[in-house]
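Written out below as structure tokens is the structure these notes cover.
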Amino acid sequence: MELHISLDGHPTVVGAIYRGVLEAIRDGRIGAGRRLPPTRALALDLGVSRNSVASAYERLTAEGYLEARVGSGTYVRATSSRPTAVAPERPAGGLRPLAVWSRIPAGMPRAGSDPRFDFSIGMPDGELFPLATWRRLLSRELRVTNLDLGRYAAPSGVRPLRAAIARHVGASRAVRATAADVMVTNGAQQALDLLGRVMVGPGDVVAVEEPGYPPARRVFEACGARVIGVGVDGEGLMVDALPARARLVYVTPSHQFPLGTVMSLARRHALLRWARAAGALIVEDDYDSEYRFAARPLDPLQSLDPDGHTAYVGSFSKTLSPALRLGFLIAPRALREALQVARSLTDWHGNPTTELALARFIEDGELAAHLRRTARVYAARRAALLDSLSGWPQGRLASIPSVAGLHVAARLGAGAHAPTVAARAQAAGIAVRPISHFAADPATPDGLVLGYGVIDVERIGPGLERLAGLIDDSIGS
Ligand SMILES: Cc1ncc(COP(=O)(O)O)c(C=O)c1O
């Protein structure tokens, strides 16, 4: 173990070592049971005599902080440390982050731990992750010599993955892109962050859907933008209500988050006309449309847009795992250079080994096979959920039509208060979110959002039955 000890500020070397080790124990930097560096090694490291280190250790041993084990070394005793804060909570001089960071809540909280009936949204089933294949591809890519481990890689990601993604979205979504147009990102979230950096400055207006995806709203708020929520009806974002001065508009046209509506073709054209007139960027987040359960998908905005006003964002968080942090951005060419600079300033680039493994996964047809397999599982869950709801009395909970993704939203009948139902459900072991959880405007019509990404098919019926009871109680109360 390396142990940093400062010899400054103490009249004797032994005293400085004694104080340094004691502070490290008290702060919890070296925990109970950890072995200290051998006296010879620490003496060499500090440029002092071995005797000085041994004397400091002896004093700490006599005081009960350390124990010497014959033939093994010197260890921190179990009872000696109670970690205290490493840095003072309120440093002198009023150091604090910008106000925006205290207004933005941390992440999207999970709806309780291990609920019995888990209708959480935003997550795929971890059990379906193709672990054996992924392990094989990762170890293969780690061994091959094309990994240039002595250097930084390209900010846009490894070329084989950019090419594989361009082919994949070209074939499955009619997105027009070559490898050069694709930037591999740490999930969709990094793509949004980069677009915010290059397009949005303090005070700029950004439009987002209302209700909508909170991490998108927040990332633009963090850029200092004035973020305005624009309502969503049965045809998607209400383009007529867009603020005239918006520089960027964020939308989820294939499966509106969280309502599930598909943006109509007429609305898509209206949005593109608006963006052209306003000189604004459309950010098209196509986060989960690989899971499609009916009807041919409409063309993405990106492929309907001849003028280069649309940035297309995709993610492997639903199809593979959110923990991999793999997504991509296909931005208008006018933004490409700025995005590459922004990416290098953020984190240089992603992990080339993971990126090469994903490229192989796509090119070998594994992604297509995985999507077919998992779509069958999710289709069965979705059918179970919609079947159950359709048998319910009118007005209790009516699902909003949707054709893709891993969740459905539903409107509660009059008299039921969605946040109360969701809170009571959570207490009863049913994880479900109210639509209002994703809304910034309290006047947004409420309801519930039910995910089927993680719940087993046979738990859906019983879970919904219990939920029905809670809704009926809430209408009665
Ligand atoms: C609307 C939306 N966009 C993007 C994502 C994926 O984000 P990321 O790729 O950063 O995990 C999600 C995941 O839940 C989502 O709901």
Side-chain angles (χ1 to χ4, degrees), residues 106-111 118-126 129 157 161 165 168-169 173 182-197 206-220 222 227 229-230 232 236-237 248-263 282-291 300-302 311-330 343 346-347 350-351 354-355 358 367 374 378 402 404-409 431 433 435 437-440 449-454:
M108 281 229 285
R110 280 207 58 182
D118 195 349
F119 294 100
S120 298
I121 70 168
M123 283 181 291
D125 193 334
F129 184 79
L161 180 55
I165 289 173
H168 171 63
V169 291
R173 301 289 292 119
V182 177
M183 173 181 278
V184 181
T185 55
N186 273 312
Q189 193 62 23
Q190 186 177 42
L192 302 182
D193 181 57
L194 293 170
L195 289 167
R197 280 162 190 256
V206 166
V208 297
E209 296 164 326
E210 169 66 23
Y213 184 51
R217 166 182 273 274
R218 289 172 193 155
V219 80
F220 300 125
V227 180
V230 174
V232 175
L237 184 85
L248 184 152
V249 51
Y250 166 85
V251 282
T252 48
S254 340
H255 186 235
Q256 202 276 331
F257 186 94
L259 299 179
T261 356
V262 179
M263 186 185 284
I282 301 170
V283 179
E284 175 175 30
D285 182 355
D286 203 5
Y287 64 105
D288 71 355
S289 67
E290 281 90 349
Y291 294 115
L301 289 159
Q302 194 269 359
Y312 181 90
V313 173
S315 172
F316 293 93
S317 286
K318 295 284 169 70
T319 48
L320 282 170
S321 162
L324 290 180
R325 305 313 303 136
L326 283 165
F328 58 93
L329 167 60
I330 297 171
R343 177 68 197 264
T346 305
D347 63 351
N351 179 331
T354 320
E355 292 180 8
L358 180 58
L367 177 64
T374 48
Y378 294 135
S402 77
L406 297 182
H407 69 264
V408 289
R433 287 273 189 217
I435 290 174
H437 181 79
F438 308 100
V449 192
L450 298 159
Y452 43 86
V454 285

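Atoms considered below: every heavy atom in the structure, side chains included; atoms not considered: hydrogens, waters and symmetry mates. Just follow the structure's listing: the first ligand is 1, and inside any ligand the first atom is 1.
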Who passes ring pair (Phe, Tyr, Trp, His ring centres under 6.0 Å) against Phe119, sequence neighbours left out?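 Checked Phe119 against ring pair (Phe, Tyr, Trp, His ring centres under 6.0 Å); zero matches.
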
List the residues meeting ring pair (Phe, Tyr, Trp, His ring centres under 6.0 Å) with Tyr452, not counting sequence neighbours, and say none if there are none.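 For Tyr452 there are no ring pair (Phe, Tyr, Trp, His ring centres under 6.0 Å) partners, ignoring immediate neighbours.
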
Need the ligand 1 atom indices (1-based, order shown) with element for anything under 4.0 Å from a heavy-atom of [X].
| X | answer |
| --- | --- |
| Gly187 | 9 (O), 10 (O) |
| Phe257 | 1 (C), 16 (O) |
| Gln189 | 10 (O) |
| Gly122 | 14 (O) |
| Asp285 | 1 (C), 2 (C), 3 (N), 4 (C) |

Below the 3.5 angstrom mark, is there an N/O of Pro322, backbone or side chain, next to an N/O of ligand 1?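 Between Pro322 and ligand 1 (N or O atoms, distance only) the closest approach is not under 3.5 Å.
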
Counting only nitrogen or oxygen atoms and a 3.5 angstrom limit, does Ser315 reach ligand 1?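 Yes, since at least one N or O of Ser315 sits under 3.5 Å from an N or O of ligand 1.
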
Under a 4.0 Å heavy-atom limit, does [X] contact ligand 1 with its side chain, its backbone, both, or neither?
| X | answer |
| --- | --- |
| Phe438 | neither |
| Gln190 | neither |
| Arg325 | side chain |

Looking at Glu284 and Leu301, what are the two nearest heavy atoms and their distance?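 The pair with the smallest heavy-atom distance is OE2-N, 2.8 Å.
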
Which heavy atom of Val232 sits nearest to which heavy atom of Glu209, and what is that distance?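 Taking every non-hydrogen atom into account, CG2-CB, 3.9 Å.
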
If you measure from [atom1] on [X] to [atom2] on [Y], what distance do you get to the nearest 0.5 Å?
| X | Y | atom1 | atom2 | value |
| --- | --- | --- | --- | --- |
| Leu329 | Ile165 | CG | CD1 | 10.5 Å |
| Glu210 | Leu237 | CD | CG | 11.0 Å |
| Leu367 | Leu320 | CG | CG | 6.0 Å |
| Thr374 | Asp125 | OG1 | CG | 9.5 Å |

Counting heavy atoms only, which of Gly405, Ser317, Gly327, Pro258 comes nearest to atom 11 (O) of ligand 1?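 Among Gly405, Ser317, Gly327, Pro258, the closest heavy atom to atom 11 (O) of ligand 1 comes from Ser317.
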
Contact between Phe328 and ligand 1, counting heavy atoms under 4.0 Å?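 It does not, in that no heavy atom of Phe328 comes within the 4.0 Å cut-off of ligand 1.
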
